[in-house]
Structures are given as structure tokens and as C-alpha cells.
**Student:** 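Here's a structure for you.
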Amino acid sequence: MYQFLKWAQYKDEKFFLIIHNNFINSFWTILLRNISIMGDGYLLFITILFGHFISDNSNQFMIVALFSLALDKVIYLSLKKTLKRQRPFIKIKGLNSKHIPFDEFSFPSGHTGSATVLTLLVYYFFPISFFPIFLFWAILVGLSRIHLGVHYPSDILAGAIIGYINFIICFRLII
């Protein structure tokens, strides 16, 4: 098992460096930093507020949104505090972070989990679907976290899976 985990960490770091190092010019850094900031919750708040007024089922929308985001945060924070995986910019020598995160651990990505929940909310509740735009944005949020040096690709994948599962659980229980 140890050999497998060592191999997986090696592959994760290798894939991380490919993404991190291929967007090195200032345009990509500025763009992805702003995408990451949107993942802090600003777009989420605006979309939930806006969705409350335009959704055909605004009460269900709000309940699913709040419960799935709350469940996402509980699981995400529990995993971070339990697993305590160091962030790439701490673990990989010579790597500088382009962003200072508010905590020290990387697994899973809370930004990606929230972006996934938001994308699924848009898909299921908005009468005119902006799903392709939000899906593209959610992918960019994940890439931005890698580019900024704060997450490995597996952190992003885990965040997306956790966000998806949390949304589906809440959606099925409430709807």
C-alpha cells in the first residue's frame, strides 16, 4: 500500500507541475487568480441570491443550495483537518505560491467543491440554463488552484466528487 501511495503522490506532483508551469505568463496568472477569487464565494452568493428570484422553484432551490453547501463544507473541513496534506508550494522545493490560502492543508479543494455544487444548482434549477458557462468556470476554478500552487490535481478531483455527491444527496432528499 505504501508503494502505491508513493507512486500516486509522484504522479500527482508530476501532473501538478505540468499544469502549474504551463501557465506562467502574467496574463494567465492574473486571469486564474481572479477566477480563484470568484471561487471564494462571491459568485456563489450572487447566484444563490439571483436564483432565489428567478428559479421556478425558489424554495426548493434555496433549501438544496444551503444544505448541499453546508454538507460540502462540513465534509471538506473534516477531511482537511484529518488528513493534513501539505500544500504543493510547501511540499515541493523551489515552488512559490502565487496565492496565500487561508489554511495550511490542501486535500480536498473546497473551492472546487463549491464550484461543483453551484454548477449543479444552475443545471437543475435555472429555467434558462447557463450550465455550459458555469461548467467552464468550475473547470477554470480547479485549474486556477493548481496554477496558484495551492492544490494538487487529486485535491481538485476529490473536491469535485465531494461537491457532486453532496449535491445529489441533498437534491434527492429534498426534491
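When reading the values below, keep in mind they use all heavy atoms of this one structure, side chains included, and skip hydrogens, waters and symmetry mates.
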**Student:** Assess the residue pair R85 and F105 against the criterion (side-chain contact (heavy atoms from CB on, under 4.5 Å)); give the C-alpha distance rounded to whole Å, side-chain angles, the decisive distance to 0.1 Å, and a yes or no.
**Tutor:** CA-CA 5 Å; R85 184 181 194 188; F105 304 119; 5.7 Å; no
**Student:** Please report the shortest heavy-atom distance between K73 and S114, naming the atom on each side.
**Tutor:** NZ-OG, 2.6 Å
**Student:** Could you tell me whether the side chain of K80 reaches within less than 4.5 Å of the side chain of P108, counting heavy atoms only?
**Tutor:** yes
**Student:** Looking at S144 and V141, what are the two nearest heavy atoms and their distance?
**Tutor:**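 Nearest pair, atom of S144 first, then V141: OG-O, 2.6 Å.
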**Student:** Would you kindly say whether R145 and T112 are connected by a side-chain donor-acceptor distance under 3.5 Å?
**Tutor:**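 Their side chains do not contain a donor-acceptor pair, so the 3.5 Å distance test is not met.
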**Student:** What is the ring orientation for Y124 with F171, classed by angle as parallel under 30°, tilted 30 to 60°, or perpendicular over 60°?
**Tutor:** tilted
**Student:** Do you know the tightest heavy-atom contact between P153 and D12?
**Tutor:** CD-OD1, 3.3 Å
**Student:** Quick check for you: to the nearest 0.5 Å, what is the distance between L140 atom CG and N34 atom CG?
**Tutor:**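 Those atoms lie 12.0 Å apart.
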**Student:** Are F15 and I146 side-chain neighbours, meaning at least one heavy-atom pair lies under 4.5 Å?
**Tutor:** no
**Student:** Is there a path of hydrophobic side-chain contacts, each under 4.5 Å between heavy atoms of I, L, V, M, F, W or Y residues, that connects L173 with F167?
**Tutor:** yes
**Student:** Would you please name every residue forming a ring pair (Phe, Tyr, Trp, His ring centres under 6.0 Å) with Y152, sequence neighbours left out?
**Tutor:**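 Y152: ring pair (Phe, Tyr, Trp, His ring centres under 6.0 Å) contacts with F16.
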**Student:** Could you measure the distance from the CD1 atom of I174 to the CZ atom of F61? Nearest 0.5 Å is fine.
**Tutor:**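 It comes to 12.0 Å.
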**Student:** Report the relative orientation of the aromatic rings in F134 and W137; use parallel for angles under 30°, tilted for 30 to 60°, perpendicular for over 60°.
**Tutor:**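 Taking W137 first and then F134, their aromatic rings stand perpendicular (interplane angle over 60°).
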**Student:** Where do V117 and S68 come nearest, in terms of heavy atoms and distance?
**Tutor:** CG1-OG, 3.4 Å
**Student:** Enter the distance from L157:CG to I162:CD1 here, rounded to the nearest 0.5 Å.
**Tutor:**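 The distance works out to 9.5 Å.
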**Student:** With side chains defined as the heavy atoms from C-beta onward, is the minimum distance between L135 and V122 less than 4.5 Å?
**Tutor:** no
**Student:** Do T119 and F131 have side chains that approach each other closer than 4.5 Å (heavy atoms only, starting at C-beta)?
**Tutor:**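 Yes, close enough: below the 4.5 Å cut-off.
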**Student:** Drop me the distance from N166's CG to I75's CD1, to the nearest 0.5 angstrom.
**Tutor:** 4.0 Å
**Student:** Is H151 reaching over with its side chain to a backbone N or O of S106, donor-acceptor style, under 3.5 angstrom?
**Tutor:**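 Here the side-chain-to-backbone pair exists.
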**Student:** Rounded to the nearest 0.5 Å, how far apart are CD1 of I35 and CD1 of I139?
**Tutor:** 11.5 Å
**Student:** Over all heavy atoms of both residues, which pair between D72 and G113 is shortest? Give the atoms and the distance, please.
**Tutor:**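 Minimum heavy-atom contact is OD2-C, 3.6 Å.
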**Student:** Report yes or no: do V74 and I165 belong to one cluster of Ile/Leu/Val/Met/Phe/Trp/Tyr joined by side chain heavy-atom distances under 4.5 Å?
**Tutor:** no
**Student:** For a quick test of reading the model, state the closest non-hydrogen atom pair linking L121 to A65 and the distance between them.
**Tutor:**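 It is CD1-CB, 3.6 Å.
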**Student:** To the nearest 0.5 Å, what is the distance between OG (S36) and CG (L143)?
**Tutor:** 11.5 Å
